[in-house]
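A quick write-up on the structure given underneath.
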Amino acid sequence: MRVIVADDSTLVRTMLQETLDKAGYEVIAYDNGSDALEAISNGESRLAILDWMMPGYSGLEICQQLRDNRASQWVYAILLTAKDHPDDILRAFEAGASDYVSKPFREAELLARIAVGARMIKLQTELAQAQRLESVGQLAAGIAHEINTPTQYVGDNTIFLKDAFKDLNDTLTQCDELLKAARSGSLTPALMENVEQAWNNADIPYLRDEIPEAIEQTLKGVEQVSKIVRAMKDFSHPGGGAKTMVNLQEAIETTIAVARNEWKYVADIVTQFDENLQEVSCFPGELNQALLNLIVNSTHAIGDKIGDSAEQQGTITVGTRLLDGWAEIFVQDTGAGIPESCRAKIFDPFFTTKPVGKGTGQGLAITYSAIVDKHGGVLDFKSKEGEGTTFFIRLPVSEPCGATL
């Protein structure tokens, strides 16, 4: 595993490098905080040992930068310091440090703390994957329910048409006998009575009204199932890991369709599309995941606000607009809003306001990584407690196609 080391002391830097080299770590060493921060921001490593005091940025300032700028990849930062007063340690953790090691460091302690950091990073990666799988599982259950409804009335109508055909066939058989008798001049009152009886048993006026409606409902059901399948195909198999031109309106409508079972019980969805903004270069799979996370997040926010009320429905508004060289997508909800105390943390990995067992706290962290880290875009929000939240995705419209993840 790669570790970034930043310390302005050549002796300490050399000792750290030798210790980590012997333990099998790949070391990238810097003598100042500015270069170390740039390397971390560029994703060269998610595990860093930072001297508290050094030129450029101090280790404390790097931790604050990563926290305040919502680093797209969570970084396990260990501060190396001679400060061991409880107030200093508290200050380090408040700044965003994950751990600290006192100078002069002991090799065993340093390696133990680095091992903890490596395990934490591995756990965060696994949780991120679990969040994606959780989303897929929820979608699969919802889509199964969405497909089941039209499939059920397609089946019911098919059974009705089968029975109706039997009744019609019996009536037509009697009519055929009547026609033959009329042609041969052997028409009898009994034969006419049989035709009338078959007509009444089949209830022909009823079938005339119901059969066209059953056929129409069946065709609509088949089209609804086809639409869901097409949406799921577009969502889950968007065409590789390279940037391609994507129609934002189609991408949004596909995601709304796929997530329908999540939102339909608590909210109505309204779309507002800018006709001047059609396609943008992006990674389709990453954008779809980000949109899905935001729509599901809005659904949960509204659900938390209205509770179990069957009479209330919230509103989720999803739209696009062209804004100063950016393609903007906004997702607005009428949920409870984000408390002021939580707003600085909502993109942090593991952060969640949900009860234990109700979420991994990875959804918005994954969304932030997809938009900011992988697209070079912007993810922001505004919120008012009691009224709702709007998330804004901004993607550069001039970004070329062909780039890969």
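In this text, all values refer to a predicted model and were calculated from it rather than measured experimentally.
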With a 3.5 Å cut-off and sequence neighbours excluded, list the donor-acceptor pairs that the side chains of residues 321-337 form with protein atoms.
| from | atom 1 | to | atom 2 | distance (Å) |
| --- | --- | --- | --- | --- |
| Arg321 | NE | Glu328 | OE1 | 2.3 |
| Arg321 | NH2 | Glu328 | OE1 | 2.8 |
| Glu328 | OE2 | Arg394 | NE | 2.7 |
| Glu328 | OE2 | Arg394 | NH2 | 2.9 |
| Gln332 | NE2 | Thr390 | OG1 | 3.3 |
| Asp333 | OD1 | Gly335 | N | 2.8 |
| Asp333 | OD1 | Thr389 | N | 3.3 |
| Asp333 | OD2 | Ser298 | OG | 3.2 |
| Thr334 | OG1 | Thr315 | N | 3.0 |

Can you tell if the side chain of [X] reaches within under 4.5 Å of the side chain of [Y], non-hydrogen atoms only?
X	Y	answer
Glu61	Gln64	yes
Glu210	Phe160	yes
Gln65	Leu37	yes
Leu79	Val101	no
Leu379	Thr367	yes
Ile346	Phe391	yes
Val318	Val270	no
Met192	Leu187	yes

Output the distance between atom [atom1] ([X]) and atom [atom2] ([Y]), rounded to the nearest 0.5 Å.
X	Y	atom1	atom2	result
Glu38	Ile62	CD	CD1	11.5 Å
Tyr368	Ile393	OH	CD1	12.5 Å
Leu66	Tyr57	CG	OH	11.0 Å
Ser58	Asp51	OG	CG	9.0 Å
Ile256	Lys264	CD1	NZ	15.0 Å
Glu385	Ile338	CD	CD1	9.5 Å

> Should Lys220 and Glu223 be marked as a side chain to side chain contact (heavy atoms under 4.5 Å, CB included) after you check the CA-CA gap, both sets of side-chain angles, and the distance that decides it?
Replying inline: CA-CA 5 Å; Lys220 286 182 179 178; Glu223 174 56 29; 5.6 Å; no
Should we count [atom1] of [X] as having more than 12 external heavy atoms under 6.0 Å?
X	atom1	result
Lys382	NZ	no
Glu109	CD	yes
Phe105	CZ	yes

>> What verdict does the side chain to side chain contact (heavy atoms under 4.5 Å, CB included) test give for Leu50 and Asp7, after you've listed the backbone C-alpha separation in whole Å, the side-chain angles of each residue and the deciding distance to 0.1 Å?
In response: CA-CA 6 Å; Leu50 308 170; Asp7 197 301; over 6 Å; no
For [X] against [Y], the heavy-atom pair lying closest together:
X	Y	value
Pro212	Leu207	CD-O, 4.0 Å
Leu111	Ala23	CD2-CB, 3.6 Å
Met54	Gly59	CE-N, 3.9 Å
Pro150	Gly221	CB-O, 3.7 Å
Gln313	Asp268	NE2-OD1, 3.6 Å
His375	Glu286	CE1-CB, 3.8 Å

Between [X] (side chain) and [Y] (backbone), is there a donor-acceptor pair under 3.5 Å?
X	Y	answer
Asn169	Phe165	no
Thr19	Glu107	no
Lys374	Phe283	no
Thr171	Ala198	yes

Which donor-acceptor pairs under 3.5 Å do side chains of residues 87-100 form with protein atoms, sequence neighbours excluded?
| from | atom 1 | to | atom 2 | distance (Å) |
| --- | --- | --- | --- | --- |
| Ser98 | OG | Ala77 | N | 3.4 |
| Asp99 | OD1 | Arg113 | NH1 | 2.8 |
| Asp99 | OD2 | Arg113 | NH1 | 3.1 |

For [X] and [Y], test the side chains for any donor-to-acceptor distance below 3.5 angstrom and give the result as yes or no.
X	Y	result
Asn247	Glu279	no
Asp170	Gln174	no
Gln289	Asn293	yes

> How far apart are the C-alpha atoms of Val5 and Ile28, what are their side-chain angles, what is the distance that settles it, and do they pass the side chain to side chain contact (heavy atoms under 4.5 Å, CB included) test?
Replying inline: CA-CA 6 Å; Val5 169; Ile28 308 174; over 6 Å; no
> In a check of side chain to side chain contact (heavy atoms under 4.5 Å, CB included) between His300 and each of Asn297, Val296, Ile302, which one passes?
Replying inline: Val296
> Who pairs with Met53 by side chain to side chain contact (heavy atoms under 4.5 Å, CB included), at least two apart in sequence or on another chain?
Replying inline: none
>> Using 30° and 60° as the class boundaries, would you call the ring planes of Phe381 and Phe347 parallel, tilted or perpendicular?
In response: perpendicular
> What do the steps show when you test Leu110 against Leu16 for side chain to side chain contact (heavy atoms under 4.5 Å, CB included), and what is the final call?
Replying inline: CA-CA 9 Å; Leu110 176 68; Leu16 287 169; 3.5 Å; yes
